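Worksheet: one structure, shown below.
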Amino acid sequence: MIEKLPKFKGQTVEIAGWVDTIREHGKITFLEIRDLTGTVQTLTTAKDAPNFETAKSLTKESCIRIKGKVNKRPNGTENKKSPAGNVEIKIEELEVYNKCPALPFDLDNADTNEEIRLKYRYLDLRRPEMQKNLILRSRIIKVIRDVLHKKGFSEFETPILAKSTPEGARDYVVPSRTQPGKFFALPQSPQLFKQLLMVAGFEKYFQIAKCMRDEDLRSDRQPEFTQLDMEMSFASQDDIIALSEKLLQKIWKEILDIDIKIPFQRISYDKAMEKYGRDNPDLRKNKNDKKEFAFCWVVDFPAFDRSEGKGKMIATHHPFTHPEMESFNKDPITAKSIAYDIVLNGSEIGGGSIRIHEADVQAKVFEVLGIGKEEQREKFGFLLDALKFGAPPHGGIAWGLDRLVQIILGANSIRETIAFPKNKEAKDLMLDAPSPLSNQQLKDIHIKTDVPKKEKKK
Ligand code: ASP
C-alpha cells in the first residue's frame with residue numbers, strides 16, 4: 001500500500017499499481033505509480049539498462065510491479081499531495097503486467113463528456129475522485145450495518161423476481177419460461193416482503209435493497225437505485241423517527257466528523273405547503289454552502305390524492321400506509337395518514353409510514369383506491385390473509401441511499417456515487433444494455449416483439 005511507504009525508509013519493498021505519469025529527463029526516467037491509497041515517485045537511470053528501457057516503453061495506466069529501496073526525497077522536492085510524497089523508490093526490478101494503449105479520455109480531466117466516462121466506467125473509476133466516492137459509500141453502509149446490528153436489527157434479503165407492488169411507477173418485468181405468458185415484476189421496493197417479515201415475528205429488519213422503477217426519465221433518477229430499507233414491529237412514528245435521527249447523527253459524525261443536532265424540526269404537510277409551497281422545504285440559511293445540512297421531517301400527509309389521473313384516488317405514500325383513523329372514519333377522502341418524509345437541504349431523502357395491520361382497514365383502503373374485492377384477492381390476497389394471522393402493528397422507513405451519499409459527498413449527481421450507473425436514457429453504455437435477444441431466447445420465453453420502426457434503427 002503506497003500510503004504506508006514513508007514507514008519503510010531505507011528498506012526494499014515491492015509495490016504494484018498503475019503508471020500515473022511518466023517523466024523522461026534524458027538519463028533518468030520517473031514513473032509516478034498509483035494505487036488506491038496514493039501515488040509515489042519511482043525512478044530508473046540509464047545505467048540500469050533493462051529497467052530503464054522498459055520504463056521508457058511504458059504508457060500511462062499500464063499495470064506494473066516494481067521492487068526497490070525507499071529513499072527520502074531531497075528537501076523541497078516532496079509532493080505534498082500524496083501521503084507518500086516525501087519518499088521515492090529506486091527501481092531494482094520492474095515487471096509489466098499489462099501495457100495500456102492510448103486512453104479514450106484524459107483521466108486527469110473530470111470535465112470529460114459523461115457518456116465516454118460511462119462507456120469506459122472501469123477507467124473512470126480509476127480516478128482518485130471516483131475511488132474516494134465509492135469507498136466513502138462503502139463506509140457509510142458499514143456505519144449503517146454496525147449501528148443497526150447493535151440495535152438488534154437483522155439484515156434479510158428479499159426476492160428480486162417478485163410481483164408488482166404499487167409504489168407508483170411502472171414495473172420492470174421478467175417473462176417466465178416455465179409459465180408461458182406470465183411475468184415476474186422486479187420489486188419497486190421490498191415493501192410487502194418487509195411487512196410479511198414483521199408478520200413472521202422478526203421485529204427489526206433492514207436491508208440495503210435494490211429497487212427497480214421504470215419511471216419516465218428525469219435527469220437525476222436511476223431506473224435501479226438503492227434504499228436503506230427498515231421495518232419495526234410495535235413501533236410508533238416517534239420510534240422510527242428517533243431511530244432514523246440517531247443513525248443519521250452517527251453517519252455524520254463518523255464520515256464527516258460533524259455533530260448534527262437532533263431531534264430535527266417537524267413540519268406538517270399542510271404547514272409546509274402553506275409556508276414553502278412544497279413538501280420538501282430547503283431550510284438552509286445559505287443555499288450555496290455545501291457544509292450546511294438542514295434536516296426536517298414532514299408529517300401528517302393526506303392519505304389520498306386525487307390530483308393525478310382522471311379523478312381516481314391514489315395513495316399519497318402507498319396503499320399499505322395506516323390512515324389516521326379518526327379522520328378516516330369521518331371522511332376517507334380527506335383523511336390524514338401516519339406517514340413521514342425526511343428532508344435534507346430540500347431533497348426528500350427518505351419516507352415511511354406506520355402500516356395497516358388490520359385486514360379490514362386494508363380492505364377499506366383498497367376500496368377507497370378503487371380496487372374491488374376481486375382485484376384485491378388476485379393482487380393482494382396473500383397480504384390480506386397474512387394480516388389476519390395475528391399481524392403485529394408495525395411501521396418503517398426507506399432512505400434513498402444514492403441521494404444521501406451524494407449530499408454527504410457534495411457531488412453533482414447521484415451517478416457520481418454509483419459504480420455502474422445508467423445514463424439519462426436508462427441505458428448502460430458500457431454493457432450496451434438493454435440489447436436484443438436471439439430468436440431462440442425469445443422463443444424460449446414465448447415472446448414475440450413488435451418494435452416500432454423508428455426505434456429499430458437505434
Ligand atoms: N417502500 C416505501 C418506498 O419505497 C418506503 C416505506 O414505506 O418504507 O417509498
Side-chain angles (χ1 to χ4, degrees), residues 144 148 153 155-160 162-172 185-199 202-215 218 221-233 235-245 247-248 269 279-280 297-305 314-324 336-344 347-357 362 365 369 380 383 387 391-404 414:
I144 290 171
L148 291 178
F153 281 73
E155 183 170 8
F156 296 116
E157 293 152 274
T158 51
I160 290 294
K163 196 169 164 169
S164 178
T165 56
E167 224 78 40
R170 206 176 285 124
D171 292 314
Y172 276 101
L186 304 184
Q188 294 189 30
S189 86
Q191 184 60 38
L192 290 177
F193 292 116
K194 67 173 172 174
Q195 291 192 232
L196 294 172
L197 286 168
M198 295 304 105
V199 178
F202 287 106
E203 295 194 27
K204 288 177 176 181
Y205 144 96
F206 82 99
Q207 181 179 194
I208 306 295
K210 274 287 162 90
C211 303
M212 274 68 65
R213 298 183 190 177
D214 189 359
E215 290 180 302
R218 277 200 219 166
R221 282 232 175 125
Q222 284 284 303
E224 58 179 309
F225 59 95
T226 306
Q227 281 187 344
L228 163 61
D229 195 40
M230 298 183 262
E231 196 76 7
M232 288 159 86
S233 292
S236 65
Q237 168 169 307
D238 283 348
D239 295 329
I240 292 154
I241 285 183
L243 170 80
S244 297
E245 288 174 344
L247 190 48
L248 286 164
Y269 170 85
D279 61 3
N280 55 353
W297 292 96
V298 178
V299 297
D300 299 333
F301 279 86
F304 307 106
D305 181 3
I314 57 161
T316 308
H317 191 56
H318 53 54
F320 319 108
T321 294
H322 212 300
E324 191 284 307
K336 296 284 183 204
S337 65
I338 314 174
Y340 31 84
D341 275 358
I342 171 95
V343 175
L344 168 55
S347 284
E348 182 209 318
I349 56 162
S353 60
I354 297 300
R355 325 300 183 188
I356 300 166
H357 68 280
Q362 185 65 75
V365 165
L369 294 171
F380 304 110
L383 175 71
L387 294 182
H394 58 286
I397 190 166
W399 299 359
L401 205 66
D402 309 297
R403 175 97 46 223
L404 188 79
I414 58 169

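One-based numbering, in listed order, for ligands and for the atoms of each. It should be emphasised that the depicted structure is a prediction, and the values quoted were computed from it without experimental measurement. The first residue of the sequence shown is numbered 1, and numbering continues consecutively from there.
Annotation for ligand 1: atoms under 4.0 Å from non-hydrogen atoms of His317 are 6 (C), 7 (O). The distance from ligand 1 to the heavy atoms of His318 drops below 4.0 Å at these ligand atoms: 2 (C), 6 (C), 7 (O). Those atoms of ligand 1 with a heavy atom of Ser189 less than 4.0 angstrom away are 1 (N), 4 (O). Numbered from 1 in the order shown, with element, the atoms of ligand 1 that lie under 4.0 Å from a heavy atom of Gln191 read 1 (N), 2 (C), 5 (C), 6 (C), 7 (O), 8 (O). When each atom of ligand 1 is checked for a heavy atom of Lys194 under 4.0 Å away, the hits are 6 (C), 8 (O). Heavy-atom proximity to Gln227, at under 4.0 Å, picks out these atoms of ligand 1: 3 (C), 4 (O).
Backbone and side-chain nitrogen or oxygen atoms of Arg213 are examined, and one is located within less than 3.5 angstrom of a nitrogen or oxygen of ligand 1. Between Asp229 and ligand 1, not a single N/O pair is under 3.5 Å apart. Residue Ser353 has no N or O atom closer than 3.5 Å to an N or O atom of ligand 1.
At a 4.0 Å cut-off, not a single heavy atom of Met230 sits close enough to ligand 1 to count as contact. The shell of residues lying under 4.0 angstrom from ligand 1, judged by heavy atoms, includes Arg355.
For the residue pair Gln222/Asp402, the side-chain donor-acceptor check at 3.5 Å is not satisfied.
By the criterion of a heavy-atom distance under 4.0 Å, the backbone of Ile397, and not its side chain, is placed next to ligand 1. Contact annotation for Glu231 and ligand 1: no heavy atom of the residue comes within less than 4.0 Å of the ligand. At a heavy-atom cutoff of 4.0 Å, ligand 1 is contacted by no atom of Gln188, backbone or side chain. Contact annotation for Ala398 and ligand 1: heavy atoms of both the backbone and the side chain come within less than 4.0 Å of the ligand.
For Phe202 and Phe156, the gap between ring centers is short of 6.0 Å.
Here the shortest heavy-atom pairing between Phe153 and Tyr205 reads CD2-O, 3.4 Å. Ile314 approaches Leu369 most closely through the heavy-atom pair C-CD2, 3.6 Å. Gly351 and Ile397 get closest at one heavy-atom pair: O-CG1, 3.4 Å. Listed here is the closest heavy atom pair of Val199 and Ala391: CG2-CB, 3.9 Å.
Ion pairing between a basic and an acidic side chain is recognised when a charged N comes within 4.0 Å of a carboxylate O; Glu231 and Arg355 show such pairing.
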Please report the C-alpha distance between Arg221 and Glu215 in whole Å, then the side-chain angles of each, then the deciding distance to 0.1 Å, and finally whether the salt bridge (Lys or Arg N to Asp or Glu O under 4.0 Å) criterion is met.
-> CA-CA 9 Å; Arg221 282 232 175 125; Glu215 290 180 302; 3.2 Å; yes

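Between the side chain of Gln207 and the main chain of Thr158, a donor-acceptor pair closer than 3.5 Å is present. At distances below 3.5 Å, not a single donor-acceptor pair connects side-chain atoms of Thr226 with backbone N or O atoms of Ala209.
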